[in-house]
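Report on one structure; see the data block that follows.
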Protein chains: 2
Amino acid sequence: MPKVIDHDERREHIVDVTWGLIMGGGLEAATMREIATAAGFANGALKRYFPSKDVLVEATFERALSMMHKHISAAVADQSGLEALRVMCYGAMPLDTKRITAGRVLLAFWEMSLSNKRLHDRYVEHLKAWRGLMHEHIKRARAADEIKTAIPDEQLVDEIVLINAGANIMSLVGPKFSTRKLQKQHLDTFFARIVQP
Amino acid sequence: MPKVIDHDERREHIVDVTWGLIMGGGLEAATMREIATAAGFANGALKRYFPSKDVLVEATFERALSMMHKHISAAVADQSGLEALRVMCYGAMPLDTKRITAGRVLLAFWEMSLSNKRLHDRYVEHLKAWRGLMHEHIKRARAADEIKTAIPDEQLVDEIVLINAGANIMSLVGPKFSTRKLQKQHLDTFFARIVQP
DNA sequence: CTGATTTGTCTACGTTTGTAGTGTATCTGC
DNA sequence: GCAGATACACTACAAACGTAGACAAATCAG
């Protein structure tokens with residue numbers, strides 16, 4: 001028996017490195033050679049852990065989605081209704097450096113998913129789950145009379161999604177205009193608004 | 001004297017073709033060979049009109065911005081204040097196929113501008129002009145007592161920008177969820193809101 | 001018709017890409 | 001300590017990229 005290696009751990013590390021490279025210079029910067037070097041390997045070494053670049057990219061994509069999912073789940077915790085919705089919204093916004101650079105990865109994946117059906121389907125699935133969760137919390141908040149606006153649930157959910165996607169973009173391309181303070185204010189105003197008739 | 005050619009017209013045509021290719025498959029699909037073929041030329045023919053790919057891409061980028069600028073200017077026309085703002089907002093939203101696919105190009109440029117200082121500066125300039133124009137109209141609308149909300153102008157402008165950017169993204173990656181109807185409703189609700197105290 | 005000049009084609013070159021193949025070093029179980 | 005399997009480095013290769021240069025074709029002035 002040869003050297004024993006935790007393959008899953010190695011894969012995690014390689015995905016970490018790929019993530020970092022995309023953060024720094026987009027997908028363009030994430031070449032197999034560059035990833036291998038940054039991970040401390042030589043040219044062809046990644047092949048043992050990811051059969052092809054597509055698979056590696058897909059794994060990195062998956063990481064982005066599961067990271068967001070975990071971040072939201074952890075924030076929501078045992079809360080429910082309006083407070084859960086609030087925590088979800090603030091948690092998904094690019095309000096610190098880590099989440100802003102994560103938006104860089106998201107941007108790359110948005111573009112890639114437009115020419116890769118597998119990735120696109122996966123993202124639609126994620127979107128469906130995310131929106132479904134928000135619907136759930138809004139429903140409960142309405143039942144508890146925490147939300148009183150006449151605006152339909154579907155519109156509320158969509159508004160959050162658009163604000164969030166827009167904030168991710170603008171934090172990258174125009175952070176001087178769309179400041180964190182403003183982005184927080186959007187959510188503040190939004191929540192102040194929906195608790196009223 | 002040889003064949004006489006309108007160079008500007010040729011450049012427009014080449015930019016058209018580049019635009020179309022980016023629409024279809026992102027920047028990845030817009031190779032010099034592909035552009036030349038789609039424009040009806042052979043491999044190296046573009047060199048007479050664009051010295052390098054960077055220049056061609058920059059010209060296409062410029063087209064995207066000026067297209068939006070023209071679209072807005074034409075819509076606003078001689079109007080002013082609230083009505084001008086309203087027309088601007090609806091005009092910039094991806095509410096038809098043409099504007100949705102234009103969002104595809106915008107997405108490509110957002111990503112590219114993150115690793116190209118020239119393009120980034122140009123986009124920031126555009127953003128500044130766009131936001132400035134909205135500020136102008138909001139100011140006049142307030143003077144005419146058309147807008148009564150206590151929300152600061154800067155926040156109103158930023159909200160429009162985020163909704164717009166988000167709508168552009170979601171029209172591409174999740175049109176099943178973020179429908180045109182919903183996107184229109186966001187603006188309807190927004191304008192119904194700001195005319196009240 | 002002739003000739004100068006631009007236009008566009010074609011070929012080629014140097015890079016960079018993803019990936020396959022080969023060999024060597026390394027480590028574990030016996 | 002030995003044998004066998006694994007891990008990684010290294011080289012190589014085909015494909016695709018942007019771009020440069022040489023050549024042929026086309027066109028208008030005279």
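We name chains A, B, ... by the order of the sequence lines, and we start the count at 1 in each one. Computed from a predicted structure; not experimentally measured.
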Please work out if Tyr49(A) contacts a base, only the sugar-phosphate, or nothing of the nucleic acid, heavy-atom cut-off 4.0 Å.
-> sugar-phosphate

Does a nitrogen or oxygen in the side chain of Lys53(B) sit under 4.0 Å from OP1 or OP2 of dG18(D)?
-> yes

How many Å lie between CZ on Arg48(B) and P on dG21(D), as a whole number?
-> 12 Å

Quick one: Phe41(A) CZ to dA7(D) P, roughly how many Å, whole number?
-> 11 Å

Short side-chain donor-acceptor distance under 3.5 Å, His137(B) and Glu83(B) = no

Reckon Ala45(B) touches a base, only the sugar-phosphate, or nothing at all at heavy-atom distances under 4.0 Å?
-> base

Does OP1 or OP2 of dT6(D) have a side-chain N or O of His7(A) closer than 4.0 Å?
-> no

From CE of Met32(B) across to P of dC17(D) the rounded distance in Å is 12 Å

In whole Å, what is the span from the CD atom of Glu34(A) to the P atom of dT17(C)?
-> 8 Å

How long is the line joining CZ of Arg10(B) and P of dT7(C), in whole Å?
-> 9 Å

State plainly whether one hydrophobic cluster holds both Leu119(A) and Leu114(A), where clusters connect Ile, Leu, Val, Met, Phe, Trp and Tyr through side-chain heavy atoms under 4.5 angstrom apart.
-> yes

So, do Trp130(A) and Val157(A) sit near enough that their side-chain heavy atoms are less than 4.5 Å apart?
-> no

Kindly indicate, with the supporting measurements, whether the criterion side-chain contact (heavy atoms from CB on, under 4.5 Å) is fulfilled by Leu182(A) and Leu162(B).
-> CA-CA 11 Å; Leu182(A) 274 174; Leu162(B) 293 199; over 6 Å; no

Taking for each residue the nucleotide of DNA chain C bearing the nearest heavy atom, is the 5' side occupied by Lys47(A) or by Thr31(A)?
-> Thr31(A)

Pairwise 5' ranking along DNA chain C for Gly44(A) and Glu28(A), keeping only the more 5' one = Glu28(A)

Evaluate the side-chain contact (heavy atoms from CB on, under 4.5 Å) criterion for residues Asn168(B) and Ile169(A): first the C-alpha distance (whole Å), next the side-chain angles of each, then the deciding distance (0.1 Å), finally the verdict.
-> CA-CA 11 Å; Asn168(B) 267 297; Ile169(A) 296 287; over 6 Å; no

d(CD1, Ile14(A); C1', dC8(D)) in whole Å = 12 Å

Taken to the nearest whole Å, CG/Asn43(A) to C1'/dT19(C) is 9 Å

What is the distance, rounded to the nearest whole Å, between atom CG of Leu46(A) and atom C1' of dT17(C)?
-> 15 Å

